[in-house]
Amino acid sequence: DTAVSQTPKYLVTQMGNDKSIKCEQNLGHDTMYWYKQDSKKFLKIMFSYNNKELIINETVPNRFSPKSPDKAHLNLHINSLELGDSAVYFCASSQGSGRASGANVLTFGAGSRLTVL
Amino acid sequence: AQSVTQLDSQVPVFEEAPVELRCNYSSSVSVYLFWYVQYPNQGLQLLLKYLSGSTLVKGINGFEAEFNKSQTSFHLRKPSVHISDTAEYFCAVSERGSNYKLTFGKGTLLTVNP
């Protein structure tokens with residue numbers, strides 16, 4: 001009955017490889033997000049999709065590409081991995097859209113810890 | 001653009017002591033305010049939120065926070081903490097009527113010692 005599920009939970013890979021993290025939510029939410037949490041626990045938004053439409057795209061290298069096949073899924077693909085990409089990546093979702101969207105509570109997944117060697 | 005400052009990166013306290021975790025925000029418009037908690041090796045979960053109305057909001061696990069518009073603060077308090085409250089606490093802000101962007105502070109690690 002997991003609300004927001006991410007796979008894999010742990011990912012260890014070499015520099016230069018390409019990897020994907022998948023996220024699915026069964027809450028019927030309209031909006032999904034990817035956040036990056038660095039080693040100092042700082043959380044920064046990367047992307048957000050509302051009903052499969054990209055609505056937030058922060059300053060993130062082009063090597064990161066989100067894909068939302070439907071509103072219940074938001075995947076993150078990373079090309080040419082670098083040491084600095086090591087972090088915990090959190091997927092989240094929230095209900096609703098429009099001008100009141102800022103009031104919406106985010107439901108987070110458990111995180112995917114990426115380690116680049 | 002909005003921003004959040006959590007004034008303490010770490011707060012150690014003894015069990016059953018009161019605690020206050022400080023949060024200040026900056027925004028040119030009205031805001032919504034949140035506190036999230038992250039237990040070790042887990043995702044974040046909502047503790048409480050301020051959207052409008054009463055400035056004192058109560059959340060889960062006995063936590064409460066007070067919105068102070070003049071001081072642009074949203075400090076989190078608990079009168080008596082437990083060992084199980086040991087976690088990272090994040091204050092977050094989003095702007096009214098704008099977008100979906102939730103901006104987090106850098107977090108405060110609350111460590112409750114026996």
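Not one N or O on the side chain of N57(A) forms a donor-acceptor pair closer than 3.5 Å with the backbone of F47(A). A donor-acceptor pair is defined here as one N or O able to donate and one able to accept, closer than 3.5 Å; such a pair exists between the side chain of Y36(B) and the backbone of L106(A). Checking side-chain atoms of S68(A) against main-chain N and O of D70(A) turns up a donor-acceptor pair under 3.5 Å.
No side-chain donor-acceptor contact under 3.5 Å links H29(A) and S94(A). T5(B) and N24(B) are not linked by any side-chain donor-acceptor pair at a separation below 3.5 angstrom, with hydrogens and angles left out of the test.
Residue contact with chain A, scored on non-hydrogen atoms closer than 4.5 Å, involves the backbone and the side chain of K106(B) alike. If you measure heavy-atom distances from E58(A) to chain B, the contacts under 4.5 Å come from the side chain alone. Interface residue L44(B): backbone and side-chain heavy atoms are both found under 4.5 Å from chain A. Only the side chain of K9(A) comes within less than 4.5 Å of a heavy atom of chain B; its backbone N, CA, C and O stay farther away. Neither the backbone nor the side chain of Y50(B) comes within contact range of chain A; no heavy atom of the residue lies under 4.5 Å from a heavy atom of that chain. Looking at E88(B), the atoms closer than 4.5 Å to chain A (heavy atoms on both sides) all sit in the side chain, from C-beta outward.
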